[in-house]
Amino acid sequence: MIMMNDFKKEQKIVYKSILDAVERVASSGSFVLGSALECFEKLWSSTCGTEFGVGVGNGHDALEISLRSLNIGAGDEVITTPMTAFATVLAILGAGATPVFADIESDTALMSIESVQRCLTSRTKAILLVHLYGQIKNMEDWVMLCETYNLSLIEDCAHAHIAHWRGRPAGSFGKASAFSFYPTKNLGAMGDAGMVVTNDQSLAEKARCLRNYGYHNNKWCMPGGMNSRMDELQASILTEKLKWLDDFTSTRYEIAKKYHASIKNSRISMLSSPEDHRSHVYHLFVVNCEERDDLQAYLLNNGIQTLTHYKIPVHEQGICKTLPRDKFGLSNSIHHSNTCLSLPCHPHMENHEVESVVECINMF
Ligand SMILES: *Cc1c(COP(=O)(O)O)cnc(C)c1O
């Protein structure tokens, strides 16, 4: 079976480093909020071109803590895309704010700036931008829009570790940016982990309090506090795994390039190629096909696992059906969710596996 991820193969490469990392933490006798986290916070925030990093429990909490640190809550609206992980929207709801859904562009599946403009109201406080599938694009336009309307830009970078827009890394554009290190992400822990990165010192300090019950100046005084700390084991493991991120990301890009060049089937369409190779880190390689379910079954029969990101857009999920949205509708999101299919594109694929995927898709 050609899998969406192959962690067993990955372990063969990183195992020794991981064991060393675990040993260091075990012998340090410090397991939560210690020096391994401080070290990884410094490493990751500088990788993202930001001054501060606050390690938290997961990507969802990184988003919710970002929003809370920006004082976004009840009565405030946050515009985002329905083509994202449910966690993005759950974090907005968790902060007490109202998610508002904008449609996507059909050629990239990224959020449409025209649609976002139609969603603006006097209550809009932030735009939560998701670098979907690992692609970062048009950041000048998003920064400008937020400046014009006095909104906070928040980046959901769960797919976009070390993606760069015109030389600047994902995470460095927002007032606050959220990363997930869930095992399947491009930089994955051996469990749950996340981080808020920012250039704003007071925001970082607030996030540091919120992740630790709202503890501040020896008092539990900050409302909205949670228990969401990245533990020393995950921080130490991520510090080791970061050494491979550049290599693994290049391999993802090479696979994607092969798919772009070699998949030729009139029933299958591709998203547009990125403007430059650093602006897409191919967390996922996604194609569109009107007979998506047939294609998925056919690939599975031929030993190829695929997934759908995302089969049900968030605005059609139970508790989100009545949330506000673009008055022109979300037709691109709906069409994309009905036709999208994510192909295996992970750094441990062999050449012959990539070729098998191409051959099989071309025969469909
Ligand atoms: C994975 C993911 C999250 C949530 O991250 P967790 O660590 O699972 O909480 C948020 N947004 C997007 C786009 C994701 O893919």
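Numbering of ligands and ligand atoms starts at 1, following listing order. Side chains are part of it too, since the values below use all heavy atoms of this structure and drop only hydrogens, waters and symmetry mates. Position 1 is the first residue of the sequence; numbering continues from there.
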Next on the checklist: Assess, by modelled atom type and distance only, whether the side chains of Asp200 and Ser202 contain a donor and an acceptor separated by less than 3.5 Å.
Outcome noted: yes

Checklist entry - Can the ring centres of Tyr133 and His309 be said to be less than 6.0 Å apart? => result no

Next on the checklist: Considering Ala85, Ala87, Ser180 one by one, which has a heavy atom nearer to atom 5 (O) of ligand 1 than any of the others?
Outcome noted: Ser180

Checklist outcome for this item: ligand 1 atoms nearer than 4.0 angstrom to some heavy atom of Gly59 are 5 (O), 6 (P), 7 (O), 9 (O)

Next on the checklist: Starting from Leu33, can I reach Phe181 by hopping between I/L/V/M/F/W/Y residues whose side chains sit under 4.5 Å apart?
Outcome noted: yes

Checklist entry - Under 3.5 Å, is there a donor-acceptor pair between the His348 and Gln11 side chains? => result no

Next on the checklist: Which residue and atom name correspond to the protein heavy atom nearest atom 9 (O) of ligand 1, and how close is it?
Outcome noted: His60 N, 2.8 Å

Checklist entry - N/O of Asp192 under 3.5 Å from N/O of ligand 1, yes or no? => result no

Checklist entry - Counting only heavy atoms, which portion of Thr84 has something under 4.0 Å from ligand 1: side chain, backbone, both, or neither? => result side chain

Checklist entry - Does a side chain donor of either Asn212 or Arg229 reach within less than 3.5 Å of an acceptor in the other side chain? => result yes

Checklist outcome for this item: Near Asn58 (heavy-atom distance under 4.0 Å), the atoms of ligand 1 are 7 (O), 9 (O)

Next on the checklist: Testing the 3.5 Å rule here: is there a donor-acceptor pair between the side chains of Asn71 and Lys206?
Outcome noted: yes

Next on the checklist: Please list, in number order, the atoms of ligand 1 under 4.0 Å from a heavy atom of Asp156.
Outcome noted: 10 (C), 11 (N), 12 (C), 13 (C)

Checklist entry - At a 4.0 Å cut-off, with the gap strictly under it, does some heavy atom of His283 reach an atom of ligand 1? => result no

Item to check | Contact atoms of ligand 1, heavy-atom distance to Thr88 under 4.0 Å | outcome: 11 (N)

Checklist entry - Is it the case that Asn186 and His283 place a side-chain donor and acceptor less than 3.5 Å from each other? => result yes

Checklist entry - So which of Gly57, Ala158, Ala193 gets nearest to atom 3 (C) of ligand 1, if we judge by its closest heavy atom? => result Ala158

Checklist outcome for this item: Checking heavy-atom distances from atom 8 (O) of ligand 1 to each of Tyr133, Phe86, Tyr182, the winner is Tyr182

Checklist entry - Are Thr88 and Asp156 close enough that a side-chain donor and a side-chain acceptor fall under 3.5 Å? => result yes

Checklist entry - In the protein, what heavy atom is nearest to atom 2 (C) of ligand 1, and what distance, to one decimal place, separates them? => result Lys185 NZ, 2.7 Å

